[in-house]
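Here is the structure we will look at, set down as structure tokens.
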Amino acid sequence: MLAKLRISKLVSYTLPRRVCERRFLVTSNAFPNSEESLVVDAAESPELPSWIKDFISNKPSSNSVSDDEDFVIPSLASWVESQKFSRSRGEVSSGNVAEKSPEDIDRVCEFLNKKDSSHEDVVKELSGCDVVVSESLVLQVLRRFSNGWNQAYGFFMWANSQTGYVHSSQAYNAMVDVLGKCRNFELMWRLVDEMKKTESGLVTLDTMSKVMRRLAKSGKYNEAVDAFLEMEKSYGVKADSFAMNSLMDALVKENSIEHAHEAFLKLFDTIKPDSRTFNILIHGFCKARKFDDARTMMELMKVAEFAPDVVTYTSFVEAYCREGDFRRVDEILEEMRESGIKPNVVTYTIVMHSLGKARQVAEALGVYEKMKEDECVPDAKFYSSLIHILSKTGRFKDAAEIFEDMTKQGVSRDVLVYNTMISAAVRHSQDEMALRLLKMMGEEEGGLCSPNVETYAPLLKMCCHKKKMKLLGVLLHHMVKNDVSIDVSTYILLIRGLCVSGKVEEACLFFEEAMRKGMVPRESTCKMLVDELEKKGMGEAKLKIQSLVQFSVMTKSHSPLPVM
DNA sequence: TTAGGGTTAG
């Protein structure tokens, strides 16, 4: 197949020059359409990467997939099998922990999947489990069940009762985080109190930061601030400026600059703010489009004898980018230069990304050039943005080329890069390539590339959309093997996607599973499912769903659970 | 470790 390719010197390709120097344009008689051409590095790739070969051989023109036609890359399916538990790599940071036997996690899962109604039942169920508990096993189970606190907490309780095992502070913190994520704050606080009572007094700033962040994420801003104010007295965690920044950051990230500012004013006399404190607040005001307040805070920063730095200015750059006000962006960049501060890779990424979003692709790529002039080195996040922009503007081949090129430029790919490339491939109907990329992630060195829930989202969506039920099953299995727990947004995606495709039985299964995990269905989600069941004349299933919802409304109406 | 992603579509 490759023999048929025609390779010609690249003349006027629109990519930045440096990338193009060693590149050639590859066209093929098989693909007379110029869209099907591909840029490759002929000097360094005598052998094209296999997925590019597949990409070329896979006719993208035949996109229409008939209903229920299914395919699974055989290698992916077998790879899922062979990957069973080979993920212990990089998961125990503290070393010295005995390598658990590969079957342990699987056996635990079997028990946990039997019961997910209450954590007491889970504890009872586990009495028949003869697995030897280790810290790494606990962390893995908590990761795998991070959206199902019943099972996670039941297992956590049971593990603590096992002889020869005591929970580490890391395990406690992970459990606190799961409870916070599932919004079971009552149990979360009980656990923090339990930590305090242990001999070594396990509550640290790490614990409290998780608590504050989860509270803020649920809109419980005042409770987050109170947690900070009580922290030193109740748990012996020092409330210094480092800890204060953690609180500020949680409040700002979860969209309440007001609470952050208020806390700042309240604490000003007792805790000395540092330059990060000011930057967090400036960022918060910028994010809320309160430019005057951001400026005032910058003045206050100077009064406190901290010079605004690249982070300070970048917050302004980002805010004006978001407004689409590139004239002001230039003004800020000019102001930076006058203050002797150079933009860095973060600043450039923001500008490039925003220009791309505003469909000013040429200008966006110009930023890449400018950046090189400034000898600013691109990093993985920068490449991820570049790949995203190119893909969004229809230049998928260029995006794929950048993806290929980055390791040669000495930048290793991270999860975000893979996630971006996978969703780009799905967007351009390169399903098989997307799956190969997922497979590649597991083989990437360094362990920084484990797929997360965002990795799977576009793939799952594609399965629902194209009614590929077999592949959907393989992917769900793949998620479990990689300790990725299905969260609320994934359930929504599955339920809606399956409903739209008329796979209503499957949609019901996910709906019921989500409800068992304590997620509360949104009115519109219920309606969609019920309407679809009605349409199909599935009266019994409809009644089941309706009574399930009714029951949940009756029992859980006062708790702020994750809404699906 | 204070600044950078995407999601989501009728």
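Lettering follows sequence order; numbering is per chain, from 1. Bear in mind that the values here come from a model prediction, so they are computed numbers and not experimental data. In what follows, every heavy atom counts, from backbone to side chain, and hydrogens, waters and symmetry copies are set aside.
Relative to the side chain of Thr347(A), the nucleotides dA3(B), dG4(B), dG5(B) differ in distance, and dA3(B) lies closest. Among dG5(B), dA3(B), dG6(B), the nucleotide with an atom closest to any side-chain atom of Asp249(A) is dA3(B). Each of dG4(B), dG6(B), dA3(B) was ranked by its minimum atom distance to the side chain of Asn344(A); first place goes to dA3(B). Checked against dT1(B), dA3(B), dG6(B), the side chain of Arg276(A) finds its nearest nucleotide in dT1(B). Listed candidates were dA3(B), dG4(B), dG6(B). Nearest to the side chain of Phe382(A) is dG4(B).
The base of dG4(B) does not come close enough to the side chain of Glu318(A) for any donor and acceptor atom to sit less than 3.5 Å apart. On a pure distance criterion of 3.5 Å, a polar donor-acceptor pair joins the side chain of Asp379(A) and the base of dG4(B).
Residue contacts shown for Leu416(A) include a base, since a base heavy atom lies under 4.0 Å away. Within the 4.0 angstrom heavy-atom criterion, base atoms lie near Val345(A). Lys253(A) comes within contact range of the sugar-phosphate backbone alone, with a heavy-atom separation under 4.0 Å but no base atom that close.
The nearest whole Å value for the distance from the CG atom in Leu386(A) to the P atom in dG4(B) is 19 Å. For the pair Met421(A) CE and dG6(B) C1', the computed distance is 16 Å after rounding to whole Å. If you take CG of Leu460(A) and P of dT7(B), they are 14 Å apart, rounded to a whole angstrom. Remark: P of dA9(B) and CZ of Arg427(A) are 9 Å apart, rounded to the nearest angstrom. Atoms CD1 (Ile257(A)) and P (dA3(B)) sit 12 Å apart, rounded to a whole Å. Distance CD (Glu532(A)) to C1' (dG10(B)): 15 Å, rounded to an integer number of Å. Computed from coordinates, the Leu355(A) CG to dG5(B) P distance equals 14 Å when rounded to whole Å. Going from atom CD1 of Ile389(A) over to atom C1' of dG4(B) covers 12 Å, rounded to whole Å.
In this model, the phosphate group of dG4(B) is not approached by any side-chain N or O of Arg322(A) to a distance below 4.0 Å at OP1 or OP2.
Between Lys527(A) and Glu534(A), none of the side-chain N atoms (NZ, or NE/NH1/NH2) sits under 4.0 Å from a carboxylate O, so this pair counts as no salt bridge.
The aromatic rings of Phe396(A) and His428(A) lie parallel to each other, their planes meeting at an angle below 30°, with 60° marking the opposite boundary. Ring geometry for His388(A) against His353(A) counts as parallel: the plane angle stays under 30°, on a 0 to 90° scale with 60° as the upper cut.
Aromatic rings from Tyr418(A) and Phe403(A) are positioned such that their centres are separated by under 6.0 Å.
A distance of 11.0 Å separates NZ of Lys468(A) from CG of Leu475(A), quoted to the nearest 0.5 Å.
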